[in-house]
Amino acid sequence: MSDRPVIVVRDVADANTLKRQPLAQNARLLTLTPAAAAVFADDSNYEVIRTTSVYSDELHARTVQHLKDGLEEFDRLARLQGLTDTQIEATRITYFYKLATASFFWHALRGFKETFWLDTRGRLTGSRNFDEVFEGVFGGFIHRRMLKPEVDIANLERDGPYSRLHFWLLKIYKAHLEELMEGRKKLLIIDKARPSSQSFAHAAYRQDPRLVILLSRPLPKSLLKTVIYMVGSLMLMRSDKEFKGTGLPRYFFWPQEVRSHGPQIEGIIAAVHDDFRKATLTVSKKYLEKVMRHALGHELQVPQDIAQLAPDIISTDSPFTGFAISASRAAKDMGKQVVLFNHASHTPQTDELSKTMGDMWASLGRLYNDHSTIFAARSPSIAELIRQLSPHGDKIVAVRQGQRLPPAQNERPFQILFAGNYMGVHNHIPWMLETPDEFLDGIAELAEAVSRIPQARLLIRVKVNAKPECNPETLRKLLPRYPNVAISNEGTFKQALAQSDLLVACISTTIDEALSAGRPVLLHSARGRYHHLPGMSTPPKADLRSAVYVSGKTPLVELLKSIIDAHQNRPLSAAELSTYTWPNGTPDMEEFAKIVLNMTRAHA
């Protein structure tokens with residue numbers, strides 16, 4: 001290992017700052033995202049190390065073990081410290097991400113003799129002591145995330161500090177809201193109204209135009225924004241215009257002030273013997289203490305709000321905040337319907353590490369929880385996993401969330417669409433989801449393979465706003481250019497899917513959408529650790545093919561050529577899709593909304 005110092009470059013902001021630092025040209029730069037690496041792509045004066053060079057599959061596996069041991073330990077110690085079920089559930093989810101991110105840094109930063117990083121004030125700081133490096137880099141990373149609440153999984157920073165005028169306005173707002181909603185059926189969407197809940201809201205509204213769509217939101221810090229949001233919400237509630245989903249009425253909430261939970265955090269830390277987990281808890285203790293405090297605040301306040309609001313239905317894609325957990329519990333206790341859409345779904349796993357990670361992921365409320373009354377399962381594999389991991393098989397309702405699309409036009413090159421997903425380092429999910437650098441490597445491998453198949457065309461789509469670590473500009477800088485490979489986000493995903501013959505991804509909701517549309521899928525990643533669905537890994541033939549293929553065992557070029565030969569101008573049959581999609585006659589979203597609304601009437 002070289003004795004030259006290493007500078008940790010967390011993001012593009014770090015990269016642009018370091019370009020003005022003379023030390024940066026004498027050091028090696030460990031960039032945590034492709035976007036950060038792309039800043040130095042055109043300058044040979046810098047030696048860039050990407051995370052795929054220092055964080056291997058072996059280290060992914062160690063992180064999985066860290067998570068398994070850490071969550072079991074936290075559950076036990078939190079109960080000994082007297083935390084409530086809601087506090088444990090909410091803090092466990094937050095700790096999951098902090099522990100995974102900490103393990104990423106713990107492993108990735110070892111082996112360097114001297115490491116530098118930008119502190120919270122943008123000053124370059126360094127050390128040869130690993131404990132100092134870990135606390136400085138991981139601690140600074142956590143601090144930076146807390147200063148940017150828009151990407152914080154628990155949205156903790158948005159709910160304070162407030163003035164007394166905020167609370168006075170909130171009381172007036174709630175009084176008017178209560179008056180406006182009297183006698184109307186209410187649907188409360190929580191957790192930012194992800195796509196499934198949004199689609200359900202539209203479908204439910206079409207079934208019952210008197211339905212009020214409510215979207216939970218904390219108060220803005222700005223008093224002016226608070227006034228604007230509240231007035232806008234009340235105007236939407238009074239409006240007779242048809243609901244379009246672009247301007248949802250916002251229901252504001254505020255948890256009660258509760259005592260600090262510092263002593264409980266200190267008690268948990270004192271009982272931990274593992275050096276890594278003790279260091280992680282120590283660095284994150286203020287953050288976790290705040291999660292516990294707010295979870296209890298929601299536990300005390302939200303049941304009162306839910307009782308006053310009395311929503312007939314709560315819809316969520318994953319109840320993983322104190323508010324969402326408390327709201328779901330309170331609504332279920334009132335006999336209301338709590339619908340859980342399995343947004344971050346996956347399938348039962350056979351590989352030991354994949355199964356361990358998938359089961360942990362599911363236990364965070366992504367697939368099931370005890371607070372929901374209906375589990376809207378998008379595919380048979382999701383329903384199978386819910387039955388396998390929980391006692392809630394009787395709550396499953398199958399729902400088709402996509403529709404068959406007509407085959408793409410003939411007489412043209414075979415169209416391959418890449419639309420995968422990854423997870424940023426700040427929300428690291430080892431083994432299952434790729435890191436941004438692994439995501440880039442998988443795209444590069446696919447693009448190179450397609451470049452050797454003249455009869456194929458590849459379109460690469462990536463998320464722009466939600467996933468800035470690997471955006472189209474970054475791909476254009478870091479990927480070689482090929483005549484039959486394009487990078488574009490023009491139009492909608494559905495439009496791109498309609499023109500495609502094959503979807504390529506690793507783990508993503510686009511896989512479910514493609515199969516629902518009748519398009520075959522290739523599960524591909526540079527490392528192939530985790531398979532979102534079971535699939536065929538040998539080359540298909542005209543009379544022996546699948547709806548899902550898995551790369552790895554067969555050279556990628558050979559596999560792609562075989563898929564093209566087996567599928568071009570030959571749409572998938574219902575029998576080929578039956579393993580992965582619900583059969584015809586299964587309720588679609590419109591029919592599912594009708595079922596849920598009828599259930600609310602039956603319980604009224």
Side-chain angles (χ1 to χ4, degrees), residues 1 5-11 14 28-33 36 49-74 77 91-120 125-146 153 265 268-269 271-288 353 356-357 360 423-438 469 527 529:
M1 184 75 67
V6 166
I7 302 177
V8 179
V9 188
R10 292 167 294 199
D11 50 28
D14 271 6
R28 293 172 296 159
L29 307 178
L30 175 59
T31 56
L32 301 187
T33 69
I49 307 170
R50 290 174 49 220
T51 58
T52 42
S53 298
V54 296
Y55 191 72
S56 63
D57 284 357
E58 178 190 356
L59 299 185
H60 268 277
R62 289 187 194 176
T63 297
V64 172
Q65 192 61 46
H66 274 166
L67 283 171
K68 184 175 184 295
D69 294 344
L71 292 182
E72 290 175 355
E73 178 184 63
F74 179 80
L77 295 177
T91 313
R92 181 178 185 270
I93 292 166
T94 303
Y95 184 44
F96 171 91
Y97 289 107
K98 297 300 160 274
L99 199 62
T101 300
S103 185
F104 173 88
F105 285 120
W106 186 265
H107 294 310
L109 296 175
R110 285 196 176 274
F112 298 125
K113 298 227 174 149
E114 185 174 20
T115 305
F116 286 82
W117 63 92
L118 290 171
D119 65 17
T120 54
T125 304
S127 178
R128 290 176 177 268
N129 181 298
F130 179 75
D131 290 339
E132 292 179 1
V133 172
F134 176 75
E135 184 173 351
V137 177
F138 172 64
F141 196 82
I142 294 300
H143 186 64
R144 175 176 285 199
R145 304 317 295 186
M146 290 180 71
I153 63 164
I265 284 285
I268 291 172
I269 294 173
V272 173
H273 298 293
D274 179 80
D275 289 341
F276 159 70
R277 292 199 293 274
K278 187 179 284 288
T280 300
L281 281 164
T282 300
V283 173
S284 307
K285 66 181 178 181
K286 289 185 178 179
Y287 187 86
L288 296 175
L353 274 168
T356 298
M357 195 61 228
M360 275 195 291
M423 191 60 74
V425 175
H426 63 282
N427 277 354
H428 182 44
I429 300 175
W431 202 261
M432 275 180 67
L433 278 159
E434 297 174 295
T435 66
D437 278 327
E438 291 168 343
E469 299 93 345
R527 290 182 164 167
R529 294 182 300 264

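Fair warning: this is a prediction, and the values are worked out from it, not measured in the lab.
Using a 30° and 60° split on the angle between ring planes, W106 and F134 fall in the perpendicular class, above 60°. Under the 30°/60° scheme for interplanar angles, the aromatic rings of H428 and H60 are found to be tilted. Between F276 and H66, the two ring planes are parallel [angle under 30°; tilted spans 30° to 60°]. Taking the six-membered ring for Trp and thresholds of 30 and 60 degrees, F105 and F141 have ring planes more than 60 degrees apart, a perpendicular arrangement.
D69 is not listed as a side-chain neighbour of D274, based on a closest heavy-atom distance of 4.5 Å or more. Using a 4.5 Å cut-off on side-chain heavy atoms (C-beta onward), E438 and R529 make contact. The side-chain heavy atoms of S284 and F138, taken from C-beta on, include a pair separated by under 4.5 Å. Two residues are said to be in side-chain contact when any heavy atoms from C-beta on lie closer than 4.5 Å; V133 and W117 meet this criterion. Within the 4.5 Å cutoff, the side chain of L67 has heavy atoms near those of the F96 side chain. Residues I429 and Y97 meet the side-chain proximity criterion, which asks for heavy atoms closer than 4.5 Å. V425 is not listed as a side-chain neighbour of R10, based on a closest heavy-atom distance of 4.5 Å or more. A heavy-atom distance below 4.5 Å is found between the side chains of Y95 and L281.
Taking OH of Y287 as the reference point, atom OG1 of T91 lies at 10.5 Å (rounded to 0.5 Å). Here the CE atom belonging to M423 is positioned 10.0 Å from the OG1 atom belonging to T101, to the nearest 0.5 angstrom. One finds the CG atom of N427 at 10.5 Å from the CG atom of L433 (value rounded to the nearest 0.5 Å). The line from CD1 of I268 to CG of L77 is 6.0 Å long, rounded to the nearest 0.5 Å. Atom CZ of R277 and atom CG of L99 lie 7.5 Å apart (nearest 0.5 Å). Rounding to the nearest 0.5 angstrom, the gap separating the CD atom in E73 from the NZ atom in K68 is 12.5 Å.
Here the closest heavy-atom approach between residue V54 and residue L59 is recorded as O-CD1, 3.2 Å. Across every non-hydrogen atom of N129 and S127, the tightest pair is N-OG, 3.0 Å. V9 and A36 get closest at one heavy-atom pair: CG1-CB, 4.1 Å. G424 and P436 make their closest contact through CA-CG, 4.1 Å (heavy atoms, listed as atom of the first residue, atom of the second, distance). The two residues T282 and K285 make their nearest non-hydrogen contact at O-CG, 3.4 Å. The heavy-atom pair separating A61 from L353 by the smallest distance is CB-CD1, 3.6 Å.
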Q: Applying side-chain contact (heavy atoms from CB on, under 4.5 Å), run through M357 and M360 and close with a yes or a no.
A: CA-CA 5 Å; M357 195 61 228; M360 275 195 291; 3.9 Å; yes
(Q) Assess the residue pair T356 and W431 against the criterion (side-chain contact (heavy atoms from CB on, under 4.5 Å)); give the C-alpha distance rounded to whole Å, side-chain angles, the decisive distance to 0.1 Å, and a yes or no. (A) CA-CA 10 Å; T356 298; W431 202 261; over 6 Å; no
Q: Any chance you could lay out the side-chain contact (heavy atoms from CB on, under 4.5 Å) test for V8 and L109, step after step, and finish with the verdict?
A: CA-CA 9 Å; V8 179; L109 296 175; 3.7 Å; yes
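Panel note: side chain K278, backbone I269; a donor-acceptor pair is recorded below 3.5 Å.
Judged purely by distance below 3.5 Å, without hydrogens or angles, the side chains of T52 and D437 never pair a donor atom with an acceptor atom.
Environment of CD in E114: crowded, with over 12 heavy atoms of neighbouring residues, nucleotides or ligands closer than 6.0 Å.
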